[in-house]
Amino acid sequence: MGVLAEALSLKLKEKDINHTIKGDNNEAVILLQRLEKTNVTMTVLFLTDDKNHSVSMRYYNYYKLEYRDITDELYRKLNDFNRMFNWGKITLEDNDIVIAMDALVTPINIGDICLELTYYGAQIADRVHSELESMKYQI
């Protein structure tokens, strides 16, 4: 296991946060995060890179679209979200709305940075989820 993944895993264990470690070199840390205002639990994936001293975070499974919902209006809304939030890049992958964040880290600060960004990502996901749900019912 890489140094960054191990440091992140130790921090999550210290905070009693359930997670799993995956990947060919055990470089991926996965946890589940429940959104505040919904019953949705999203998947948070942390891909660590010891060589570049970085972590790449992806937030999945908090909002699925039907293919008929993928319209120009949706893309405009995603662009609005991307202008609104400094850290998270919000994209559409197949029919899943995904938030992506990247950060430079060290073994000392990776845990704190990832926990903070997980909370921030959940806030973004909660807002995106709420606004996309309200968009559905405006038609």
Partners meeting side chain to side chain contact (heavy atoms under 4.5 Å, CB included) with Glu66 (sequence neighbours left out): Arg68, Asp69

Point-to-point distance, once rounded to the nearest 0.5 Å, from CD of Gln33 to CG of Asn61: 13.5 Å

Verdict with supporting geometry, Ile30 and Thr43, side-chain contact (heavy atoms from CB on, under 4.5 Å): CA-CA 7 Å; Ile30 303 167; Thr43 302; 3.7 Å; yes

Result of checking Phe46, Trp87, Tyr120 against Met57 for side chain to side chain contact (heavy atoms under 4.5 Å, CB included): Phe46

Minimum-distance pair of heavy atoms, taken over all atoms of Gly88 and Ile99: CA-CG2, 3.9 Å

Ile124 and Phe81: CA distance, side-chain angles, deciding distance, side-chain contact (heavy atoms from CB on, under 4.5 Å) verdict: CA-CA 9 Å; Ile124 293 172; Phe81 288 138; over 6 Å; no

Worked verdict on Leu74 versus Leu132 for side-chain contact (heavy atoms from CB on, under 4.5 Å): CA-CA 8 Å; Leu74 173 68; Leu132 290 179; 3.7 Å; yes

Leu8 to Gly111 - nearest heavy-atom pair and separation: CD1-CA, 4.1 Å

Sidechain-backbone polar pair: Ser9 side chain, Ala5 backbone, donor-acceptor under 3.5 Å: no

Residue pairs involving residues 84-102 (criterion salt bridge (charged side-chain N to carboxylate O under 4.0 Å, His left out); sequence neighbours excluded): Arg58-Asp102, Lys64-Asp96

Residues which pass salt bridge (charged side-chain N to carboxylate O under 4.0 Å, His left out) with Arg83, listed by chain and number, not counting sequence neighbours: Asp80

Whether Asn82 side chain and Leu78 backbone form a donor-acceptor pair below 3.5 Å: yes

Any side-chain donor near an acceptor of the partner, Glu133 and Tyr63, under 3.5 Å: yes

From His129 atom NE2 to Met42 atom CE, the distance as rounded to the nearest 0.5 Å: 11.5 Å

Which residues share a side chain to side chain contact (heavy atoms under 4.5 Å, CB included) with Glu6, sequence neighbours left out: Met1, Leu10

Side chain to side chain contact (heavy atoms under 4.5 Å, CB included) partners of Lys15, counting only residues at least two apart: Lys11, Ile17, Leu115

Non-hydrogen atoms of Pro107 and Leu4 that approach each other most closely: N-CD2, 3.6 Å

Minimal non-hydrogen separation, Leu104 against Ser54, with atom names: CD2-CB, 4.1 Å

Heavy-atom check, side chain of Ile70 versus side chain of Tyr75, under 4.5 Å: yes

Salt bridge (charged side-chain N to carboxylate O under 4.0 Å, His left out) partners of Asp50, counting only residues at least two apart: none

Other residues, nucleotides, ligands: >12 heavy atoms within 6.0 Å of Glu116 CD: no

Closest non-hydrogen atom pair between Leu31 and Asn18, with its separation: CB-O, 3.6 Å

